[in-house]
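Worksheet: the structure to be examined is printed underneath.
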Amino acid sequence: MEYSFIDTHCHITCDALYERLDEVMENAKQSNVKTMMIICTNFTEYERAVKVKENYKDFSIKIALGFHPCDLNDVTEEDFQRLETLIQENEIDAVGEIGMDYYWDTVEKDIQKQGFHRQLQFAKKYHKPIIIHMRDATKDTLDILSEYAPLKGIMHCYSGSIETARQVMQLGLYISFAGPITFKNARGAVEVCAEIPIDKLLTETDSPYLTPHPYRGTQNEPKYVVVTFEKICEIKQIAKEELAKQMQNNFEQLFM
């Protein structure tokens, strides 16, 4: 096999996956998943990710750190300052996942907006790519993002319309698809994916969440990014080698 796979969004340092990390990494290796962006939502996960990068030299590991919108009630000023220091000192490769989430009514919209703005300012100031979470908050998310355009980063686990996808791409972001594109009721996502140019496409697992069909009901992990990748090849009617090479190029444009 001349090509390998990329998981642009995995939470392998969360408790659920970190407790069986050796197995997760061996499964990824066996599936030829050689590149991962580890998404960290707190400093414990970040410190674990640093160890993963040190200990698993066979992989190309990138690290993202940011405060998820649903966690912002618990983020302190000291936390923001520590995040900025890590960004400034080039200890992380991307700021994320950050964004807006109105599905879970746990953090006031104003607090979400303030936290989003602040982290976008960090990313802009230190020229870091961003990983964006957007759930039931399309207008506010895009309005805020447009204030910082042009952008460099990923709209992760995309589930919106083609019209929104075009806006996202115009801002400079890539579109990443996860397991839901394989679900039997995923007609809308399939139609959107068909319209996204391959030079704007990426794949992810969002593991341990959103396990693709036919593995739903089991814990997601990076090895399953292959299932999503193959579904995109089917949708786009494109050879696996061609899409893999394009996605590698897309990833390198963002993070290398």
Side-chain angles (χ1 to χ4, degrees), residues 1 3-14 16-18 20-41 45-46 48-53 55-66 68 92-97 129-133 153-159 173-183 189 193 196 198 200-213 215-216 218-233 240-241 243-256:
M1 185 182 293
Y3 57 89
S4 59
F5 302 98
I6 303 170
D7 187 350
T8 65
H9 196 110
C10 56
H11 297 270
I12 60 172
T13 56
C14 74
L17 289 177
Y18 195 68
R20 60 181 192 91
L21 183 65
D22 286 342
E23 177 189 356
V24 168
M25 299 303 280
E26 179 61 27
N27 289 343
K29 185 176 181 179
Q30 293 300 318
S31 298
N32 211 29
V33 180
K34 293 184 177 179
T35 304
M36 301 178 194
M37 174 67 75
I38 303 176
I39 307 297
C40 308
T41 61
E45 291 178 357
Y46 164 73
R48 290 172 174 175
V50 172
K51 292 179 181 177
V52 173
K53 188 171 183 176
N55 294 336
Y56 294 90
K57 299 295 188 182
D58 291 343
F59 295 86
S60 174
I61 301 289
K62 301 292 183 183
I63 300 173
L65 173 63
H68 191 284
I92 61 174
D93 300 288
V95 181
E97 65 187 279
I130 52 178
I131 313 292
I132 300 301
H133 173 102
I154 301 173
M155 183 64 72
H156 112 89
C157 194
Y158 189 73
S159 62
L173 298 177
Y174 288 71
I175 303 283
S176 180
F177 288 98
I181 200 170
T182 69
F183 296 173
C193 182
I196 306 295
I198 62 171
K200 284 292 187 180
L201 267 177
L202 289 164
T203 49
E204 64 173 273
T205 57
D206 199 17
S207 50
Y209 317 107
L210 302 176
T211 310
H213 175 79
Y215 303 101
R216 295 181 74 178
T218 65
Q219 192 177 64
N220 202 6
E221 57 181 277
K223 69 175 181 179
Y224 289 130
V225 78
V226 179
V227 180
T228 299
F229 172 88
E230 290 175 344
K231 180 64 176 182
I232 293 174
C233 288
K240 294 177 183 179
E241 184 173 3
L243 186 60
K245 287 182 176 179
Q246 181 63 60
M247 286 189 174
Q248 182 67 42
N249 184 65
N250 295 349
F251 191 80
E252 290 175 359
Q253 290 291 320
L254 278 172
F255 302 113
M256 301 300 190

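Tyr3 and Phe5 have perpendicular rings, their planes meeting at more than 60° on a 0 to 90° scale where under 30° would count as parallel. In this structure, His9 and His156 have parallel ring planes: the angle between them is below the 30° cut-off, well short of the 60° mark.
Applying the side-chain hydrogen bond (donor to acceptor under 3.5 Å, both in side chains) criterion to Lys240, with sequence neighbours excluded, gives Glu230. Applying the side-chain hydrogen bond (donor to acceptor under 3.5 Å, both in side chains) criterion to Lys51, with sequence neighbours excluded, gives no partner residue. A search for side chain to side chain contact (heavy atoms under 4.5 Å, CB included) contacts involving Gln248 returns Ile6, Thr35, Glu252, not counting sequence neighbours.
Here the side chain of Thr182 pairs a donor or acceptor atom with the backbone of His213 at under 3.5 angstrom. The closest donor-acceptor contact from the side chain of Thr211 to the backbone of Thr218 lies under 3.5 Å.
Counting heavy-atom neighbours within 6.0 Å of Tyr215 OH, excluding the residue itself, gives a total of 12 or less. For Lys53, the NZ atom sits in a packed shell: over 12 heavy atoms of surrounding residues, nucleotides or ligands are nearer than 6.0 Å.
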TODO: Verify salt bridge (charged side-chain N to carboxylate O under 4.0 Å, His left out) between Arg20 and Glu23, making sure each step is shown before the conclusion.
DONE: CA-CA 6 Å; Arg20 60 181 192 91; Glu23 177 189 356; 3.4 Å; yes
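The shortest distance between side-chain heavy atoms of His11 and Leu17 does not fall below 4.5 Å. In this structure the side chain of Ser207 never reaches within 4.5 angstrom of the side chain of Tyr224, judged on heavy atoms.
Stacking of Lys200 on the aromatic ring of Tyr174 is recorded, both the 6.0 Å distance cut-off and the 45° axial limit being met.
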